[in-house]
Structures are given as C-alpha cells and as structure tokens.
Amino acid sequence: MESPRVEESYDKMSELKAFDDTKAGVKGLVDSGITKVPQIFVLPPKDRAKKCETHFVFPVIDLQGIDEDPIKHKEIVDKVRDASEKWGFFQVVNHGIPTSVLDRTLQGTRQFFEQDNEVKKQYYTRDTGKKVVYTSNLDLYKSSVPAASWRDTIFCYMAPNPPSLQEFPTPCGEVLIDFSKDVMKLGFTLLELLSEGLGLDRSYLKDYMDCFHLFYSCNYYPPCPQPELTMGTIQHTDIGFVTILLQDDIGGLQVLHQNHWVDVPPTPGSLVVNIGDFLQLLSNDKYLSVEHRAISNNVGSRMSIACFFGESPYQSSKLYGPITELLSEDNPPKYRSTTVKDHTSYLHNRGLDGTSALSRYKI
C-alpha cells in the first residue's frame, strides 16, 4: 500500500496541538468516525510493522510450588535465568494473583477509557507532577519521535507514595490500588528469582535499591482504520529493573528475538515479564532488556497495564553500575555508572524514538 501523500500545507505542530486540544485522545478520533489515520500518526515505512516469525516458542514459566519444593524452586530459577538471558521476556502462570483480580483490573480501567469524553476530559493533562495522569502520547511534542502512537494512557505512581483514591478517576481507582498489592508481591518474588539466577543472595536485588518504585502505564489501544500505517507503541526498551504486563485477549505485543519480531500470545490468567534497562546494566549484559512494541489492529480495542519496578528516580541519587560480585578479569564492566534520575530524565527529554538508551553508558 502506498504511503499517504503528505500535503505541502501540512503543519505538524499545528496538527499535534489541534489533536491535543480536543482532550479526547485517539478514542475521540475513532468515535468521530474517521476512516483514515491522521498524518501525525503515520510512521515512516521503515518503522512500520512487518510480518512476524511464527516458528519461535515464547517462554512460559509455571510458578506453582515455588516455595514448597526446593527442587521445583531451582527448576524455576533456571527457567527464569534462561529466558532472561536469551529472550529478556517470559510469561508466568500460577503466579498467585487470581484471574478474577486480573479481569476486574482490566475491566475497571477499560471502563474509564470508554466513558463519555465530557467526563474523561476533566482528567486530561500533561502535568507529570501529578501522581495520576490521563493523556495521549506523553511525548507528543518531542521532535525525535517519528509519529504519535495510536493509544491513550493513564500513568500512575503507585509506590513509595501512592495516590489517594480521590486522585484516581472513579471507575478504575479502587481496582488499580488493589492490584498494586498483588503485583508488588509478585514483583519482589521475581526479583528474588532473578537474583538467584545471577548466583547472588535471594534478597540481593531487592536490598540493592535505595527506594523501591512502582509505576503503572495503563494503555488503551482503540481499533485503527489503517493499522498498517501506525503503531500502538513503537519499538522501545523499558527503563527499570523488571516490568510485569497484564494484557487482555486481543494481542498485539511483539518482541524482537534473534532479529525477528515475535508475537506474544495472550494466555488467559498469565502475566508477561520483561527485563528493564537497569537490570541489563547491573547484570553486565547477562540479562537482556529487549526491544518490544505494540502493533495496531482493526479488530477491537486492546487494554494493557504495564507495571514498572525499579529504583525511584525522584528519591534516589545512588550510582548504578555493573554489580561488583559479577565482575572478573574475564568479565570486566561493560557500562559506566549512572543514576536512575539521569537515565529517566534523558528518556523523558528524548521520548520514544525507536532506539535503546543503554548505548550511551557503554564503556
């Protein structure tokens, strides 16, 4: 299919501002009945989704019996280590969070996005000083970003100082607060398994952090009339230590594995886990923070909630570099040290531009 022709009169900044001023997000565009993707969302051909490889089997790890049987525990540690080294991604099942909680969390969050826009728009903001932010494309005005993404988002800072229930939009506050309790417990379990996978004490990574930080990105991807021209989220890596993703059954998440894009199949009751930039840096490239993306579709709206675990960029000035216990003459440090604040500021200023930010710390 040919790319839509860019009109000579196209003024990107004016178009971005006109979209932003509606405070209706991408959902508002779809509700208005558009049949073509607006130019601000159209990616250059090189950045568009291509056909996925299907012969790879995405790792699925069963956490059943993790604390009951030492042999089973070791098997799980080995599987987590293997997936983190080769894929940087895996799915977990029997993770301890009831399916009813997962379903309720997705449903409550979806209810917010599918409300009447006059109700929603009162929450629309670009003020990142707030603990709860509803917006479309936080990096909308960044010049390095090739195109706006086909999604609307609620961002929430859930730890160490969570928002009050009153700071959340009505349909989703209670479910997101309840979900944070379960997901934090799972997050700490995963950090323990990842510590053991590195040959370190079980509590090493948890204790290594100055101030634990949990951040949500609740993404709503409306159906798209021309999904081949745009992307729900362009390729990127995650900032922190570990991300846990709750997604519905629509699908759309793709992972870059051995230079091929691979679909992550939605599995009922499962959660997707991936390694973040800082864990790749700390592990000195033993664990991989892998590029991933969310493609658009014309089938139906997709809902996902990404839970980012790591050090707080606002309350820690600790320098992070490769863990000393992992280094040797044969494995010298591959990265210089940096703070979470510096890395986070750099990414926020740059926006999602389709490249990994770790290379700037390479020695």
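Nothing fancy with the numbering, it's 1 onward along the sequence.
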Would you say the side-chain atoms of [X] pair up with the backbone N or O of [Y], donor to acceptor, closer than 3.5 Å?
| X | Y | result |
| --- | --- | --- |
| Glu311 | Asp210 | yes |
| Thr233 | Arg293 | no |
| Thr125 | Asp127 | yes |
| Thr153 | Asn137 | no |
| Glu167 | Ser164 | yes |
| Ser296 | Gly232 | yes |
| Thr344 | Lys341 | no |
| Asp201 | Ser203 | yes |
| Glu85 | Asp82 | no |
| Asp11 | Ser14 | yes |

When the ring planes of His260 and Phe56 are compared, do they come out parallel, tilted or perpendicular, using 30° and 60° as the limits?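 Rings of His260 and Phe56: tilted, 30 to 60°.
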Can you say whether the rings of Tyr157 and His213 are parallel (under 30°), tilted (30 to 60°) or perpendicular (over 60°)?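 Aromatic pair Tyr157/His213 classed tilted.
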Between [X] and [Y] (salt bridge meaning N to carboxylate O under 4.0 Å), is one present in this structure?
| X | Y | result |
| --- | --- | --- |
| Asp31 | Lys27 | yes |
| Arg104 | Asp178 | no |
| Asp78 | Arg81 | yes |
| Asp248 | Arg110 | yes |
| Lys362 | Asp285 | yes |

Let me see the working for Met158 and Ser180 under side-chain contact (heavy atoms from CB on, under 4.5 Å), right down to the final yes or no. CA-CA 7 Å; Met158 300 304 296; Ser180 70; 4.0 Å; yes
Compute the centroid of each ring, for Phe309 and then for Phe241, and state whether the two points are separated by less than 6.0 Å.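 No, they do not, as the ring centres are separated by 6.0 Å or more.
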Is the distance between the ring centroids of Phe155 and Tyr216 under 6.0 Å?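 Between Tyr216 and Phe155, which both carry aromatic rings, the centre distance is not below 6.0 Å.
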Roughly how far, to the nearest 0.5 Å, is [atom2] of [Y] from [atom1] of [X]?
| X | Y | atom1 | atom2 | result |
| --- | --- | --- | --- | --- |
| Ser217 | Arg151 | OG | CZ | 6.5 Å |
| Phe179 | Ile244 | CZ | CD1 | 7.5 Å |
| Tyr361 | Ser337 | OH | OG | 11.0 Å |
| Tyr124 | Thr22 | OH | OG1 | 6.5 Å |
| Ile295 | Arg302 | CD1 | CZ | 9.0 Å |
| Gln111 | Glu114 | CD | CD | 8.5 Å |

Locate the shortest heavy-atom distance separating [X] from [Y]; write the atom from each residue and the value.
| X | Y | result |
| --- | --- | --- |
| Cys172 | Thr109 | CB-CA, 3.8 Å |
| Pro265 | Phe58 | CD-CB, 4.2 Å |
| Pro322 | Pro333 | CG-CB, 4.0 Å |
| Ala148 | Phe41 | O-CD2, 3.4 Å |
| Cys224 | Pro227 | O-CD, 3.3 Å |
| Tyr346 | Ala357 | CE2-CB, 3.7 Å |

Under 4.5 Å between side-chain heavy atoms, counting indirect links through other Ile/Leu/Val/Met/Phe/Trp/Tyr residues: same cluster for [X] and [Y] or not?
| X | Y | result |
| --- | --- | --- |
| Phe308 | Val264 | no |
| Val80 | Ile66 | yes |
| Leu193 | Val290 | no |
| Leu256 | Leu43 | no |
| Leu246 | Val273 | yes |

Residue pair Ile239, Phe215: steps toward the side-chain contact (heavy atoms from CB on, under 4.5 Å) verdict: CA-CA 11 Å; Ile239 297 178; Phe215 176 74; over 6 Å; no
Judged by modelled atom types alone, do Asp152 and Tyr221 share a side-chain donor-acceptor pair under 3.5 Å?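 Asp152 vs Tyr221: no donor-acceptor pair found between side chains.
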How about Glu68 and His73: does a side-chain donor come under 3.5 Å of a side-chain acceptor?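 Their side chains do not contain a donor-acceptor pair, so the 3.5 Å distance test is not met.
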Side-chain heavy-atom pair [X], [Y] within 4.5 angstrom cut-off:
| X | Y | result |
| --- | --- | --- |
| Leu63 | Ile61 | yes |
| Cys307 | Leu245 | no |
| Phe113 | Pro222 | no |
| Leu198 | Tyr204 | no |
| Ile177 | Glu174 | no |
| Pro146 | Lys46 | no |
| Phe90 | Val272 | no |
| His95 | Leu102 | yes |

Neighbour count above 12 (heavy atom, 6.0 Å) for [X] [atom1]:
| X | atom1 | result |
| --- | --- | --- |
| Lys72 | NZ | yes |
| Lys17 | NZ | no |
| Lys334 | NZ | yes |
| Ile71 | CD1 | no |

Check for me whether Lys130 meets the cation-pi criterion with Tyr123, that is, NZ or CZ under 6.0 Å from the six-membered ring centre and within 45 degrees of the ring axis.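 No cation-pi geometry.
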side-chain contact (heavy atoms from CB on, under 4.5 Å) assessment of Trp87 paired with Leu288: CA-CA 7 Å; Trp87 281 81; Leu288 300 178; over 6 Å; no
Could you walk me through whether Ile250 and Ser301 pass the side-chain contact (heavy atoms from CB on, under 4.5 Å) test, one step at a time? CA-CA 8 Å; Ile250 292 288; Ser301 59; over 6 Å; no
Given His292, which of Gln254, His236, Gln235 fulfils the side chain to side chain donor-acceptor pair (under 3.5 Å) condition?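 So the option named by the test is His236.
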Residue pairs involving residues 268-278 (criterion side chain to side chain donor-acceptor pair (under 3.5 Å); sequence neighbours excluded):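 Qualifying pairs: Gln91-Ser270, Thr237-Asp277, Asp238-Asn274, Asp277-Ser289, Asp277-His343.
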As a test of understanding, state which of Lys318, Arg336, Arg360 forms a salt bridge (charged side-chain N to carboxylate O under 4.0 Å, His left out) with Asp342.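 The single option meeting the salt bridge (charged side-chain N to carboxylate O under 4.0 Å, His left out) with Asp342 is Arg360.
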